[in-house]
Amino acid sequence: MADYAFNTVKHLRVERGALSRLDMHVEEFCQRMGVAEQRAGRRVLLVTDPYLVQSGLIAPGVEVLRAAGFDVAIFSDVQPDPADTVVLAAVAAATVQRAALVIGIGGGSSMDVAKLVACLANASADLQLSDLYGVNTRRVQRLPLLLIPTTAGTGSEVTGIAIVTTGESTKAGIVNESLLADQVLLDAELTLKLPAAVTAATGIDAMVHAIEAYTSIHRKNPTSDLLAREALRLLSGNLVRVVEHGDDIDAREQMLLGAMLAGQAFENAPVAAVHALAYPLGGIFHIAHGVSNALVLPHVLRFNRAHAEPLYAELAEIIVPACSGSTSQRCDVLIDTLVDLMTATKIPQRLRDFDIAEKHINELAESAMTQQRLLRNNPREVTLRDAADIYRQAF
């Protein structure tokens, strides 16, 4: 076995109703992080999105924190695919608050912003957001960071990755161990009211994380494999159930756990061409990330099968335990079953469903080729022509 390293968050807690006891968890968190006895250590910036504030979903957590003597400021301007200007506004809010710790609660966008705020609000004055773009460009001493996901999809709570929109249709990826949270709370009750469409898209996103981690040609290892396989078992076995019965707390918790395990897997064995081709769909046409992944997923798998067929066959046995036959036949089962899952959960499967015309294919392909950080992990090399062909198949 080759040498390998495995990174993940320091502390994880799975607890239904954890938000209503957030004061207790944050008290313990402060003690663990060494800020419990400092009055300034009770100054908190909570990073979230407008919906979670307006819906009242996070209100119980804010109320118990304030009742326990925490000074809580809320930054709630996070939008999907957060822009660099949003990150900087959140950093300014943390500075005004003199925050001693950051809590990110929401989907991947809120958690990504919270990670960056924790780094930049505690950084030296000469550190700019752009200094973090890329892979481990700077080592940062950040503020204590607690993350609480409200969707079962991105896995952002357990990754040292953040994605920032930097222009009209461009994104920058930040991969940095400093972004790994100190603690994660998984509270399935927070996912009960997710709309069916969001539940489906985020669930597919998490499944893509598991599949790509399992087939990544860089840093794939026995631990990431174990996590990816279990993640795929939990996700595939519960996706249709939570879409059709959103109030099933047991299935919701299985999805939340599966998404987290997939996040741990791809934090260590990074994702590849599915994500590389999905990013332009989000950046140029503002399609939700999970849906963007779904649009290209089966076509990338078919493209990759000549180089990854044995691994795809192994994953087929997880999604469909009774499947049998040759490696090629089991690979077919994996792809066909994923398409069936997307159909059953009503996820759009054609680019034309989003008013994307054939004339846009070259633009999409050229944009995808800029994602070399991801493409280098793919089992098969992807050329510009390959990318265009995959988009055509998805059209």
Side chains of [X] and [Y], donor plus acceptor under 3.5 Å:
| X | Y | answer |
| --- | --- | --- |
| T223 | Y4 | yes |
| H275 | Q371 | no |
| T8 | Q264 | yes |

Applying side-chain hydrogen bond (donor to acceptor under 3.5 Å, both in side chains) to N268 and S224, what does each step give before you reach the verdict? CA-CA 7 Å; N268 290 276; S224 66; over 6 Å; no
Is a side-chain donor or acceptor of [X] paired with a backbone partner of [Y] at a separation under 3.5 angstrom?
| X | Y | value |
| --- | --- | --- |
| R330 | S324 | no |
| R142 | L180 | yes |
| K115 | I161 | yes |
| S216 | P270 | yes |
| T48 | I105 | yes |
| T337 | L334 | no |

Quick check on the hydrophobic clustering: are L129 and L179 connected, directly or via other members, by side-chain heavy-atom contacts under 4.5 Å?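 Yes.
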Can you get from V86 to L45 by hopping between Ile, Leu, Val, Met, Phe, Trp and Tyr side chains that sit under 4.5 Å apart?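 Yes, V86 connects to L45 through the hydrophobic network.
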If you draw the axis of the six-membered ring of F303, does the NZ or CZ of R380 fall within 45° of it and under 6.0 Å from the ring centre?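 Checked: cation-pi criterion met.
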Under 6.0 Å from the ring centre and within 45 degrees of the ring axis: does the NZ or CZ of R352 meet both conditions for the six-membered ring of F395?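 Yes, R352 lies over the aromatic ring of F395.
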Is the distance between the ring centroids of Y391 and H299 under 6.0 Å?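 Judged by ring-centre distance (under 6.0 Å), H299 and Y391 do not meet the cut-off.
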Atom CZ of residue position R385 - does it have more than 12 heavy atoms of other residues, nucleotides or ligands inside 6.0 Å?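 Atom CZ in R385 is not packed in, count stays at 12 or less.
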Aromatic ring pairing H289/Y279, orientation class (parallel under 30°, perpendicular over 60°, tilted between):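 H289 and Y279: parallel rings.
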Does E27 pair with R42 as a salt bridge, N-O distance under 4.0 Å?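 R42 and E27: salt-bridged.
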Between D332 and R305, is there a salt bridge with N-O shorter than 4.0 Å?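 Looking at D332 together with R305, the answer is yes, because their closest N to O distance falls below 4.0 Å.
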Could you give the distance from NZ (K10) to CZ (F29), rounded to the nearest 0.5 Å?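 Here the rounded value is 8.5 Å.
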